[in-house]
Structures are given as C-alpha cells and as structure tokens.
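The structure under discussion appears below in the form of structure tokens.
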Amino acid sequence: GAVALLSREDGKKMVCNVEYNQLEPLLLATGHSEGDVNEEDGFSKFPGNINEMIFDLKLYLDNINVTGGKVDEFINPKYTDNTRTTFKSP
C-alpha cells in the first residue's frame with residue numbers, strides 16, 4: 001500500500017496505509033482525474049511501501065544496490081477500465 005495523509009474538510013487529518021487496490025479509487029474520488037500516473041521523471045507522486053521485515057540488512061542493501069530498488073509489479077495489476085480484462089501495461 002501507500003502511506004497517505006488523509007485530510008477531511010473539517011481540518012482533521014490522519015496518516016494511514018491505503019492498500020493499492022483502494023489507492024486508485026481514492027485518487028479518482030479526490031480530484032486526481034488520471035489516478036496514479038508517473039510524473040515526467042518516470043516516478044509516481046504516490047510511492048508505496050515495501051511491507052518487508054528485514055533480517056539481514058547487509059544482504060538487503062547488496063540487492064538494493066544491484067536493482068536500484070526497483071521491483072516489477074506482480075501482485076496488484078493495473079487495468080485499463082472496470083471490466084478488468086485489459087492491463088494498462090504489459
């Protein structure tokens with residue numbers, strides 16, 4: 001999911017985790033008409049967290065240095081529309 005600061009019209013705020021299957025509908029419902037799209041630099045304005053428990057920090061950092069921290073998406077695919085029959089990207 002994504003860690004988000006949710007703000008109500010009355011000024012009350014809450015920081016919480018928004019699961020990815022709920023992030024796109026939340027963005028669309030709150031004025032982000034394109035949803036979660038990459039900026040000009042190729043990165044999302046709404047980065048997620050990795051939800052990991054790390055036991056060997058050196059090994060983890062070695063892998064981060066190899067991959068640059070990039071992991072292909074494999075759990076929550078993005079669809080082109082609500083029919084969920086066509087992916088946004090391969």
Side-chain angles (χ1 to χ4, degrees):
V3 176
L5 172 63
L6 304 180
S7 302
R8 292 175 30 163
E9 289 181 4
D10 65 5
K12 187 174 182 179
K13 296 180 180 185
M14 173 192 333
V15 174
C16 65
N17 184 63
V18 177
E19 292 298 330
Y20 270 114
N21 63 343
Q22 296 300 309
L23 181 61
E24 186 85 359
L26 175 67
L27 293 173
L28 294 172
T30 56
H32 298 89
S33 61
E34 295 183 10
D36 184 12
V37 295
N38 291 342
E39 299 288 302
E40 289 182 17
D41 63 5
F43 294 99
S44 170
K45 187 186 297 187
F46 308 99
N49 62 57
I50 58 174
N51 292 328
E52 291 186 13
M53 183 180 295
I54 301 170
F55 293 100
D56 186 336
L57 187 57
K58 181 183 179 324
L59 179 60
Y60 177 78
L61 291 175
D62 289 345
N63 282 289
I64 291 293
N65 289 329
V66 169
T67 65
K70 296 179 182 177
V71 178
D72 291 335
E73 186 169 350
F74 61 93
I75 295 175
N76 290 317
K78 306 274 190 295
Y79 296 95
T80 57
D81 58 32
N82 288 336
T83 64
R84 299 176 65 97
T85 56
T86 307
F87 296 114
K88 279 188 178 181
S89 62

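Values below: all heavy atoms of this structure, side chains included; hydrogens, waters and symmetry mates excluded.
The neighbour count for Asn82 CG, taken as heavy atoms of other residues, nucleotides or ligands under 6.0 Å away, does not exceed 12. More than 12 heavy atoms of other residues, nucleotides or ligands shown are found within 6.0 angstrom of CD on Glu39.
Side-chain atoms of Asp56 and Lys58, non-hydrogen and from C-beta on, do get closer than 4.5 Å to each other.
With rounding to the nearest 0.5 angstrom, the CG atom of Leu23 is 7.5 Å from the NZ atom of Lys78. With values rounded to the nearest 0.5 angstrom, Lys70 atom NZ is found 12.0 Å from Ile64 atom CD1. To the nearest 0.5 Å, the span separating NZ on Lys12 from CG on Leu6 amounts to 11.5 Å. In this structure, CE in Met14 is found 10.0 Å from OG in Ser7, a value given to the nearest 0.5 Å. Here the CG atom belonging to Leu27 is positioned 11.5 Å from the CD atom belonging to Glu34, to the nearest 0.5 angstrom. Atom CG of Asp62 is separated from atom OG1 of Thr67 by 11.0 Å, given to the nearest 0.5 angstrom.
Contact detail for Ser44 and Asn38: the closest heavy-atom pair is N-OD1, 3.6 Å. Of all the heavy atoms in Phe87 and Thr80, the pair that sits closest is O-CG2, 3.5 Å. Closest approach of Asn17 to Glu19, counting heavy atoms only: ND2-OE2, 2.8 Å. The nearest pair of heavy atoms linking Gly35 to Glu24 is CA-OE2, 3.6 Å.
Ionic pairing of Asp10 and Arg8 is present here: one or more N-O contacts between side-chain nitrogen and carboxylate oxygen are shorter than 4.0 angstrom.
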